[in-house]
Amino acid sequence: MKSLGRHILVEFHGCSSEILNDVPRIESSMVNAAKEAGATIISSVFHHFSPFGVSGVVVIQESHLAIHTWPEYRYAAVDLFTCGDSVNPWTSYKILKQAFQAEHGSAVEINRGQLDLLEKASIELGELREDATQQLVVPKYSRSVWFTDRNENMALSIRHKGDCLFREKSPYQTVEVFDTFEYGKLLAVDKMVMCSEKDEKGYHEMIIHVPMVAQPDVKDVLVIGGGDGGSIREILRYDQVNNVTMVEIDEAVVRASKEFLPSLSSAFDHPKLKLIIDDGIEYVKQASADSFDMIVVDSSDPVGPAEGLFSKAFYQDVYRCLRPGGVMTAQSESPHFNQKAFVELNHCLQDIFNPDSVFCYLAFIPTYPTGMWSFTYCTKDGKHPLEDFDRQRSQDMAQMFNLQYYNSDIHSAAFCLPTFIRNMLEK
């Protein structure tokens, strides 16, 4: 070999846009390309950018493989640099072209550090060389791959273990499960965090126990969405509940949760549960008036199949389906992350239930962008969540169920809104 290293500058055109925006898939392809070329892998770091694009590098003992993608142009720029002659970078080129489903690839090879232009310095290492040789170990491979939930202005990134445990593109959305270092298994829909094992109780305990404690006579419950199973798990702790009907549009969410999130999905086989895989919007449209004591709208963000769950027509049907004295609770977005949807939904609910029967409350969920999340409690001439609050019952329920987030103090405090949120909700 007449040079210190071989450097191949690569351009891939006509690639799969979906693949070029998929961090775990790109990372695994780059790692595989390095292995197949005979490289010794030391570490990998990959990150997703908003709204499109992935950058990453696989550090190898012989140098590196680096990439940046432009999914919107179906284009990837790749940098393959290997030192010595033990690794063939052209092997990596062929593997990546196939992995990215590129229609066309072009590359130029540059010899780096041509030996006839270099003069080797005389460095005497002496005993240092002998000590280093005796301590030489095979490098331990480390991975740094990140999942990012974002909008056009902000993002939350969570490091996971690199492989996607579950991925399915259903007729409605892309459902994924990742194993994160900090929060355990994480369920994502269309690259948005739905829940994680470590902090899901903040969400599910607050969306369920606030209305259940405030309305102790609930017998028949309807849950729209909630395919991870966390909400029905909390509802079915209460013996007085006779029936729970759950309408989830995407069977893939239920299946992913059953397989990888057993701590959330434990109630799917409960005899009081009736699970319907269908459109919740159509279900409430067809449901009889005064059918339920409580309705829970456990939806994802207002995009894709969940968009209609933020409409006035839907909540008019929800109101009709509630019995007199009934309660409805819904996740109502983040006052920071999705201000427009947050304000519009609360104003919509005030128009339907009347302002004196609509109450916004907060919980703090680290894996949701900004950490601050809201719920909205609405009654059909039912009990006030604070004035009629039974503190002793709340304490008893929290202790009996060994709840990790909800307690009687949290129940009261959750309705204390910061001034900026109060101002946002004024009509």
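All residue numbers refer to positions in the sequence shown, counting from 1. Just so you know, these numbers come straight off a predicted model, no measurement behind them.
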Chemist: Classify the side-chain pair Gln350/Asn346 by whether it contains a donor and acceptor separated by less than 3.5 Å.
Modeler: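 No, Asn346 and Gln350 have no side-chain donor paired with an acceptor closer than 3.5 Å.
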Chemist: Just verifying a value: how many Å separate Leu80 CG and Ser92 OG, rounded to the nearest 0.5 Å?
Modeler: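 That separation rounds to 5.5 Å.
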Chemist: Say whether, by atom type as modelled, one donor and one acceptor occur between the side chain of Lys272 and the main chain of Asp239 under 3.5 angstrom.
Modeler: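 It does hold such a pair.
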Chemist: Is the shortest heavy-atom distance from the side chain of Met328 to the side chain of Pro211 under 4.5 Å?
Modeler: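 No, too far: nothing below the 4.5 Å cut-off.
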Chemist: Are His160 and Phe147 close enough, and set up right, to give a ring-ring contact (aromatic ring centres under 6.0 Å, His included), and what steps lead you there?
Modeler: CA-CA 7 Å; His160 61 85; Phe147 173 87; 7.2 Å; no
Chemist: Drop me the distance from Asp298's CG to Cys195's SG, to the nearest 0.5 angstrom.
Modeler: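 With rounding to 0.5 Å, CG (Asp298) is 9.0 Å from SG (Cys195).
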Chemist: Rounded to the nearest 0.5 Å, what separation is found between the CD1 atom of Ile67 and the CG atom of Asp79?
Modeler: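 Reported to 0.5 Å precision, the distance equals 10.5 Å.
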Chemist: Looking only at side-chain N and O atoms, does Glu200 offer a donor or acceptor that is under 3.5 Å from a partner on His204?
Modeler: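 His204 vs Glu200: donor-acceptor pair found between side chains.
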Chemist: Less than 6.0 Å separating the ring centroids of Phe81 and His7?
Modeler: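 Yes: the rings meet the under 6.0 Å criterion.
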Chemist: Between the side chains of Asp199 and Tyr368, is a donor N or O closer than 3.5 angstrom to an acceptor N or O?
Modeler: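 Their side chains do not contain a donor-acceptor pair, so the 3.5 Å distance test is not met.
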Chemist: Taking the side chain as every heavy atom from C-beta outward, state whether Leu222 and Cys321 have any atom pair closer than 4.5 Å.
Modeler: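 No. Closest side-chain heavy atoms not under 4.5 Å.
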Chemist: Could you check whether Gln173 and Asp250, counting side-chain N and O atoms only, form a donor-acceptor pair closer than 3.5 Å?
Modeler: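 Side chains of Asp250 and Gln173: pair found under 3.5 Å.
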Chemist: Quiz question: by atom type and distance under 3.5 Å, do the side chains of Tyr238 and His209 form a donor-acceptor pair?
Modeler: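 Result is yes, a qualifying pair exists.
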Chemist: Evaluate the side-chain hydrogen bond (donor to acceptor under 3.5 Å, both in side chains) criterion for residues Ser63 and Thr82: first the C-alpha distance (whole Å), next the side-chain angles of each, then the deciding distance (0.1 Å), finally the verdict.
Modeler: CA-CA 5 Å; Ser63 194; Thr82 62; over 6 Å; no
Chemist: Under 3.5 Å, is there a donor-acceptor pair between the Ser55 and His47 side chains?
Modeler: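 Per modelled atom types, Ser55 and His47 side chains form no pair under 3.5 Å.
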Chemist: Taking side chain as C-beta onward, heavy atoms only, is Ser299 less than 4.5 Å from Ile224?
Modeler: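 Answer no - side chains too far apart.
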Chemist: Do Arg167 and Asp22 meet the salt-bridge criterion of a basic N to acidic O distance under 4.0 Å?
Modeler: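 Here Asp22 pairs with Arg167 in a salt bridge, since their nearest N and O are under 4.0 Å apart.
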Chemist: If I take atom CD1 from residue Ile207 and atom OH from residue Tyr406, how far apart are they, to the nearest 0.5 angstrom?
Modeler: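 Separation between the atoms: 14.5 Å.
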Chemist: Check the pair Arg143, Asp163 against salt bridge (Lys or Arg N to Asp or Glu O under 4.0 Å), reporting the backbone distance first and the verdict last.
Modeler: CA-CA 10 Å; Arg143 306 171 79 179; Asp163 298 319; 3.3 Å; yes
Chemist: For Gly105, is there any backbone N or O sitting under 3.5 Å from a side-chain donor or acceptor partner on Tyr93?
Modeler: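 It does hold such a pair.
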Chemist: Check this for me: does any side-chain nitrogen of one of Lys285 and Asp317 sit under 4.0 Å from a carboxylate oxygen of the other?
Modeler: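 Result for this pair is no, no salt bridge flagged.
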Chemist: Is a donor on one side and an acceptor on the other found under 3.5 Å between the side chain of Arg323 and the backbone of Ser291?
Modeler: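 It does hold such a pair.
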Chemist: Assign the ring pair Phe415 / His411 to parallel, tilted or perpendicular, where the plane angle (0 to 90°) is split at 30° and 60°.
Modeler: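 Geometry flag for His411 against Phe415: tilted rings.
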Chemist: Please determine if Arg159 and Glu182 form a salt bridge, counting it only when a charged side-chain N lies under 4.0 Å from a carboxylate O.
Modeler: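 Salt bridge absent between Arg159 and Glu182.
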Chemist: Could you grab the distance from atom OG of Ser196 to atom CD1 of Ile158, nearest 0.5 Å is fine?
Modeler: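 These two atoms lie 7.0 Å from each other.
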Chemist: Do we see a donor-acceptor contact under 3.5 Å between the side chains of Ser257 and Asp228?
Modeler: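 Short answer, no.
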Chemist: Could Glu18 and Arg25 be called an ion pair, given the rule that one side-chain N must be under 4.0 Å from one carboxylate O?
Modeler: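 Arg25 and Glu18: not salt-bridged.
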Chemist: Without hydrogens or angle criteria, can the side chains of Trp146 and Ser144 be said to hold a donor-acceptor pair below 3.5 Å?
Modeler: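 On atom types as modelled, these side chains qualify, holding a pair under 3.5 Å.
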Chemist: Evaluate the ring-ring contact (aromatic ring centres under 6.0 Å, His included) criterion for residues Phe353 and Tyr319: first the C-alpha distance (whole Å), next the side-chain angles of each, then the deciding distance (0.1 Å), finally the verdict.
Modeler: CA-CA 7 Å; Phe353 285 84; Tyr319 183 87; 5.1 Å; yes
Chemist: With no hydrogens and no angle check, do the side chains of Thr370 and Ser334 hold a donor and an acceptor under 3.5 Å apart?
Modeler: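 Yes.
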Chemist: Do the side-chain N and O atoms of Glu36 and Thr91 include a donor-acceptor pair separated by under 3.5 angstrom?
Modeler: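 On atom types as modelled, these side chains do not qualify, holding no pair under 3.5 Å.
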Chemist: Counting only heavy atoms from other residues, nucleotides and ligands, does the tally under 6.0 Å from CD of Gln98 exceed 12?
Modeler: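 At most 12 heavy atoms, drawn from other residues, nucleotides or ligands, come within 6.0 Å of this atom.
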Chemist: Evaluate Glu426 against Arg422 for salt bridge (Lys or Arg N to Asp or Glu O under 4.0 Å), listing each step before the verdict.
Modeler: CA-CA 6 Å; Glu426 288 182 359; Arg422 293 182 181 180; over 6 Å; no
Chemist: Between Thr329 and Tyr361, is any side-chain donor less than 3.5 angstrom from a side-chain acceptor?
Modeler: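 Present: a donor and an acceptor within the cut-off.
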Chemist: According to side-chain hydrogen bond (donor to acceptor under 3.5 Å, both in side chains), who are the partners of Ser16, at least two apart in sequence or on a separate chain?
Modeler: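 Scan of Ser16 (side-chain hydrogen bond (donor to acceptor under 3.5 Å, both in side chains), adjacent residues dropped) gives none.
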Chemist: Salt-bridge test for Glu251 and Arg255: reply yes if a basic N is under 4.0 Å from a carboxylate O, no otherwise.
Modeler: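 Looking at Arg255 together with Glu251, the answer is yes, because their closest N to O distance falls below 4.0 Å.
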Chemist: Inspect the surroundings of CZ in Arg233 and state if more than 12 heavy atoms from other residues, nucleotides or ligands are less than 6.0 Å away.
Modeler: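 More than 12 heavy atoms, drawn from other residues, nucleotides or ligands, come within 6.0 Å of this atom.
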Chemist: Any donor-acceptor pair under 3.5 Å linking the side chain of Glu197 with the backbone of Gly184?
Modeler: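 Pair absent, no side-chain N/O of Glu197 close to backbone of Gly184.
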Chemist: Give the C-alpha distance, both sets of side-chain angles, the deciding distance and a yes or no for side-chain contact (heavy atoms from CB on, under 4.5 Å) between Met206 and Leu362.
Modeler: CA-CA 8 Å; Met206 290 300 283; Leu362 302 176; over 6 Å; no
Chemist: Can Tyr73 and Ser17 be counted as having a side-chain donor-acceptor contact under 3.5 angstrom?
Modeler: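 No, Ser17 and Tyr73 have no side-chain donor paired with an acceptor closer than 3.5 Å.
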Chemist: Regarding Ser394 and Ser408, is there a side-chain donor-to-acceptor distance under 3.5 Å anywhere?
Modeler: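 Side-chain D/A pair, Ser394 to Ser408: absent.
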Chemist: Closer than 4.0 angstrom, basic N to acidic O: yes or no for Asp290 and Lys380?
Modeler: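 Salt bridge between Asp290 and Lys380, a charged N being under 4.0 Å from a carboxylate O: yes.
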Chemist: More than 12 heavy atoms of other residues, nucleotides or ligands under 6.0 Å from CD of Gln399: is that the case?
Modeler: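 Atom CD in Gln399 is not packed in, count stays at 12 or less.
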Chemist: Could you tell me whether a side-chain N or O of Ser374 sits under 3.5 Å from a main-chain N or O of Glu333, the two making a donor and an acceptor?
Modeler: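 Yes, Ser374 side chain to Glu333 backbone: donor-acceptor pair under 3.5 Å.
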Chemist: Roughly how far, to the nearest 0.5 Å, is OG of Ser29 from CD1 of Ile95?
Modeler: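 Interatomic distance, Ile95 CD1 to Ser29 OG, rounded to 0.5 Å: 9.5 Å.
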Chemist: Report the C-alpha separation of Phe342 and Met424 in whole Å, then their side-chain angles, then the decisive distance to 0.1 Å, and conclude whether the side-chain contact (heavy atoms from CB on, under 4.5 Å) test is met.
Modeler: CA-CA 9 Å; Phe342 167 74; Met424 289 168 63; 3.6 Å; yes
Chemist: Using a 3.5 Å distance criterion without hydrogens, assess whether the side chain of Asp388 forms a donor-acceptor pair with backbone atoms of His384.
Modeler: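 Between the backbone of His384 and the side chain of Asp388 there is a qualifying donor-acceptor contact (under 3.5 Å).
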Chemist: What are the two closest non-hydrogen atoms of Ala252 and Glu168, and how far apart are they?
Modeler: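 So the two residues come closest at CB-OE2, 3.8 Å.
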Chemist: Ignoring hydrogens and geometry, is there a side-chain-to-backbone donor-acceptor pair from Glu205 to Gln404 under 3.5 Å?
Modeler: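 Yes, because the side chain of Glu205 sits within donor-acceptor range (under 3.5 Å) of the backbone of Gln404.
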Chemist: Could you tell me whether Lys201 and Glu234 make a salt bridge, using a distance below 4.0 angstrom between a side-chain N and a carboxylate O?
Modeler: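 Glu234 and Lys201: not salt-bridged.
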Chemist: Under 6.0 Å between ring centres: does that hold for Tyr203 and Tyr405?
Modeler: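 No - the distance between ring centres of Tyr203 and Tyr405 does not fall below the 6.0 Å cut-off.
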Chemist: Evaluate whether atom NZ of Lys35 has more than 12 neighbouring non-hydrogen atoms of other residues, nucleotides or ligands under 6.0 angstrom away.
Modeler: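 No, the 6.0 Å shell around NZ holds no more than 12 heavy atoms from other groups.
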Chemist: For residues Glu11 and Tyr75, is any side-chain donor paired with an opposing acceptor at under 3.5 Å?
Modeler: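 Looking only at side-chain atoms, Tyr75 and Glu11 do form a donor-acceptor pair, the distance falling under 3.5 Å.
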Chemist: Return yes if some donor-acceptor pair links the side-chain N/O of Asn242 with the main-chain N/O of Asp220 below 3.5 Å, else return no.
Modeler: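 Here the side-chain-to-backbone pair does not exist.
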Chemist: Has Arg320 got a side-chain atom pairing as donor or acceptor with Ala287's backbone, closer than 3.5 angstrom?
Modeler: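 Yes.
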Chemist: Step by step, work out the salt bridge (Lys or Arg N to Asp or Glu O under 4.0 Å) result for Asp293 and Lys219.
Modeler: CA-CA 6 Å; Asp293 301 305; Lys219 297 287 193 294; over 6 Å; no
